[in-house]
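All chains are named by letter (A, B, ...) in the order of the sequence lines, taking the proteins before the strands, and each is independently numbered beginning at 1. Hydrogens, waters and symmetry mates play no part in the numbers below; they use all other heavy atoms, side chains included.
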2 protein chains.
Amino acid sequence: MAEKEDKMNVEKAILDAATEEFLSKGFSGARTVAIAEKAGVTHAMLHYYFRTKEKLFECIIDTVIKELIDSVTEAYKRQDASLSFEDRVVAVMNAHLDFIIAKPQLPSFLFMEIFPSTENFKLIKEKASSALGSLNTQLKETLESANNNEEIDNISLPMLISDVVTLNAATAISSQLASKILNITKEEYVAMRKQENEILIRKRLKK
Amino acid sequence: MAEKEDKMNVEKAILDAATEEFLSKGFSGARTVAIAEKAGVTHAMLHYYFRTKEKLFECIIDTVIKELIDSVTEAYKRQDASLSFEDRVVAVMNAHLDFIIAKPQLPSFLFMEIFPSTENFKLIKEKASSALGSLNTQLKETLESANNNEEIDNISLPMLISDVVTLNAATAISSQLASKILNITKEEYVAMRKQENEILIRKRLKK
DNA sequence: AATTTGTTTAACAATTCTGTTAATGGCAGA
DNA sequence: TCTGCCATTAACAGAATTGTTAAACAAATT
């Protein structure tokens with residue numbers, strides 16, 4: 001059975017190397033030989049396992065999207081129902097930021113490589129809508145009741161989601177750059193932004 | 001004098017085509033033959049005028065950065081001194097968004113292609129610091145006095161700038177995607193975000 | 001008109017990168 | 001032990017892309 005483990009190791013090694021290469025350099029900037037080298041295999045092996053660069057790329061997209069969706073649903077599931085609406089939004093937002101920060105190139109990769117392509121986008125929309133559909137209706141209800149109960153200052157669901165995603169994605173994307181400009185570590189910058197994002201959202205939701 | 005005009009036209013045509021190609025596809029995704037084709041010249045001409053793809057790319061960076069810096073300084077200069085601090089921030093923010101929206105691929109291009117490269121980043125930092133240095137000190141003073149006069153809820157300059165840039169950049173980057181998801185036009189989405197960003201910043205600055 | 005200068009073209013050279021193939025080696029089951 | 005299958009390698013083929021060159025050409029200058 002050592003073969004199967006070996007096979008998985010080679011496949012896994014290539015996938016890991018490919019993820020790093022594609023995320024940091026984009027599809028056209030990525031080199032299959034560089035991926036093979038990083039994975040410690042000959043580049044013929046890469047073609048043997050994944051046939052083409054495109055197919056390998058699709059595999060990466062699949063897992064990346066899956067992880068992204070999981071991060072959202074997980075963060076949402078972990079919620080404490082006893083918390084106020086405001087506290088729950090902040091909790092989800094922070095959990096989501098933690099995930100994104102672990103792969104800081106992810107947002108710009110998504111915006112640059114995935115979303116502009118209509119095909120990739122359709123693919124994602126399908127996956128996301130099936131996975132996030134129920135979450136979306138739940139959110140809608142929760143938000144509506146919060147709006148109706150006058151717990152919060154009125155806001156639409158798209159704008160609330162957009163606020164959260166926007167702030168988190170921008171924090172991740174700009175962290176490398178901004179920390180360089182401000183002469184602080186990336187971690188310090190992210191901590192500052194986390195605090196600031198929380199202030200922004202809380203004030204936004206307060207009446 | 002027709003020659004000089006012709007020369008400028010060819011150069012300009014190549015630069016325009018290159019800007020479009022580089023911004024939408026990134027450096028490695030861009031093809032010099034595609035640029036030449038778009039510009040309506042043979043691809044040998046491209047090399048005649050700019051020698052290499054790299055040099056052409058640098059030219060694009062230069063103008064893009066210049067325009068970006070100009071947009072900020074112009075927006076800042078146009079300010080009405082009689083306005084409150086809050087109103088001035090909002091005015092600058094909106095002016096800046098209008099510029100970015102005109103080139104929606106710009107932010108992701110900057111984040112993907114320019115900022116990650118240490119060389120490009122240094123180049124920009126130099127240009128920006130000489131152009132934005134005095135603006136920065138002005139801003140610092142204005143913000144300090146606003147903080148001291150307790151006009152606004154206390155905030156640091158880096159976080160205020162980060163808030164504004166972050167919200168604007170994210171609005172531009174996500175506009176194409178978000179409008180598709182929400183089944184509205186890009187313009188409608190941008191208008192919604194503009195309103196929402198203004199609400200966010202105003203509430204943030206209110207005590 | 002001849003010369004010079006700078007522009008343009010077409011063909012080609014060189015490189016880089018992706019993808020293929022034929023040969024090799026090891027291992028499991030007959 | 002032999003056979004067949006799978007993984008692996010090295011060398012190669014093909015395509016795409018960047019960059020060069022030599023020759024033609026046009027316009028201005030002498």
Side-chain angles (χ1 to χ4, degrees), chain A residues 1-62 109 112-114 116-117 119-120, chain B residues 1-62 109 112-114 116-117 119-120:
Chain A
M1 282 292 119
E3 357 142 347
K4 212 157 199 176
E5 241 176 54
D6 273 9
K7 185 176 171 175
M8 289 317 292
N9 284 343
V10 172
E11 253 189 62
K12 185 76 178 8
I14 295 174
L15 282 170
D16 287 347
T19 304
E20 202 187 313
E21 180 85 358
F22 280 130
L23 282 194
S24 61
K25 304 192 177 167
F27 178 78
S28 53
R31 296 288 104 103
T32 54
V33 286
I35 294 173
E37 217 167 90
K38 262 184 219 166
V41 300
T42 62
H43 94 276
M45 290 301 294
L46 184 148
H47 290 287
Y48 177 70
Y49 279 101
F50 296 94
R51 300 216 53 85
T52 67
K53 189 183 176 184
E54 263 88 4
K55 292 224 193 313
L56 178 55
F57 186 68
E58 280 167 29
C59 290
I60 302 300
I61 293 179
D62 282 353
F109 174 78
M112 194 85 186
E113 301 280 323
I114 313 293
S117 139
E119 281 176 41
N120 283 334
Chain B
M1 279 294 120
E3 359 142 346
K4 211 156 199 178
E5 239 176 55
D6 273 10
K7 183 178 171 176
M8 289 317 293
N9 284 343
V10 173
E11 253 190 63
K12 186 78 180 6
I14 295 174
L15 282 172
D16 286 348
T19 303
E20 203 186 313
E21 179 86 358
F22 280 130
L23 282 195
S24 62
K25 303 192 180 167
F27 178 77
S28 53
R31 296 287 105 105
T32 54
V33 286
I35 294 171
E37 218 166 273
K38 260 183 218 165
V41 300
T42 62
H43 91 279
M45 291 300 292
L46 184 147
H47 290 287
Y48 176 69
Y49 280 101
F50 297 95
R51 300 215 54 84
T52 67
K53 188 182 176 184
E54 263 90 3
K55 292 224 194 312
L56 178 57
F57 185 67
E58 281 167 29
C59 291
I60 302 301
I61 293 180
D62 282 353
F109 175 77
M112 193 84 184
E113 300 279 324
I114 313 292
S117 139
E119 280 176 42
N120 282 334

Students often get this wrong, so: under 4.0 angstrom with heavy atoms, is B/Ala30 touching a base, only sugar-phosphate, or nothing?
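The residue B/Ala30 makes sugar-phosphate contact but no base contact.
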Any side-chain N or O of [X] less than 4.0 Å from the OP1 or OP2 oxygen of [N]?
X       : N      : value
B/Thr42 : C/dT8  : no
A/Arg31 : C/dT16 : no
A/Thr32 : C/dT18 : yes

Contact between A/Met45 and A/Thr42 at the side-chain level, heavy atoms closer than 4.5 Å - yes or no?
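They are in contact (side-chain heavy atoms under 4.5 Å apart), so the answer is yes.
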Would you indicate whether the side-chain heavy atoms of A/Leu56 and A/Ile35 approach each other to under 4.5 Å?
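A side-chain contact exists here, since the closest heavy-atom pair is under 4.5 Å.
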Integer-rounded Å distance: [N] [atom2] and [X] [atom1]:
X       : N      : atom1 : atom2 : result
B/Glu37 : C/dT9  : CD    : C1'   : 16 Å
B/Met45 : C/dG6  : CE    : P     : 14 Å
B/Asn9  : C/dT7  : CG    : P     : 13 Å
A/His47 : D/dT8  : NE2   : P     : 15 Å
B/Lys53 : D/dT20 : NZ    : C1'   : 18 Å
B/Ile14 : D/dT18 : CD1   : C1'   : 15 Å
B/Lys12 : C/dT7  : NZ    : P     : 18 Å
A/Tyr48 : C/dT18 : OH    : P     : 21 Å

Nearest to the side chain of [X] - [options]?
X       : options                : answer
B/Ala44 : C/dT20, D/dT8, D/dT21  : D/dT21
B/His43 : C/dA11, C/dT8, D/dA11  : C/dA11
B/Tyr49 : D/dT8, D/dG19, C/dT7   : C/dT7
B/Val33 : D/dG19, C/dT21, D/dT18 : D/dT18

Under 6.0 Å from the NZ atom of A/Lys25, do we count more than 12 heavy atoms belonging to anything else shown?
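No.
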To check you understand the geometry: which heavy-atom pair defines the closest contact between A/Leu15 and A/Ile60, and what is its length?
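Scanning both residues completely, I find the closest heavy atoms to be O-CD1, 3.6 Å.
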Using the C1' atoms of the five pairs at each end, what is the angle between the end axes of the helix from C/dA1-D/dT30 to C/dA30-D/dT1, to 10°?
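Taking five pairs per end, the axes differ by 10°.
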Given the side-chain rings of B/Phe57 and B/Phe22, with only the six-membered ring counted for Trp, is the space between their centroids under 6.0 Å?
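Yes, the ring centres sit under 6.0 Å apart.
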What distance do B/Cys59 atom SG and B/Glu54 atom CD have between them, rounded to the nearest 0.5 Å?
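Result: 12.0 Å between the selected atoms.
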For A/Glu21 and A/Thr32, indicate whether the former's side chain and the latter's backbone hold a donor-acceptor pair under 3.5 Å.
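No: the side chain of A/Glu21 does not pair with the backbone of A/Thr32.
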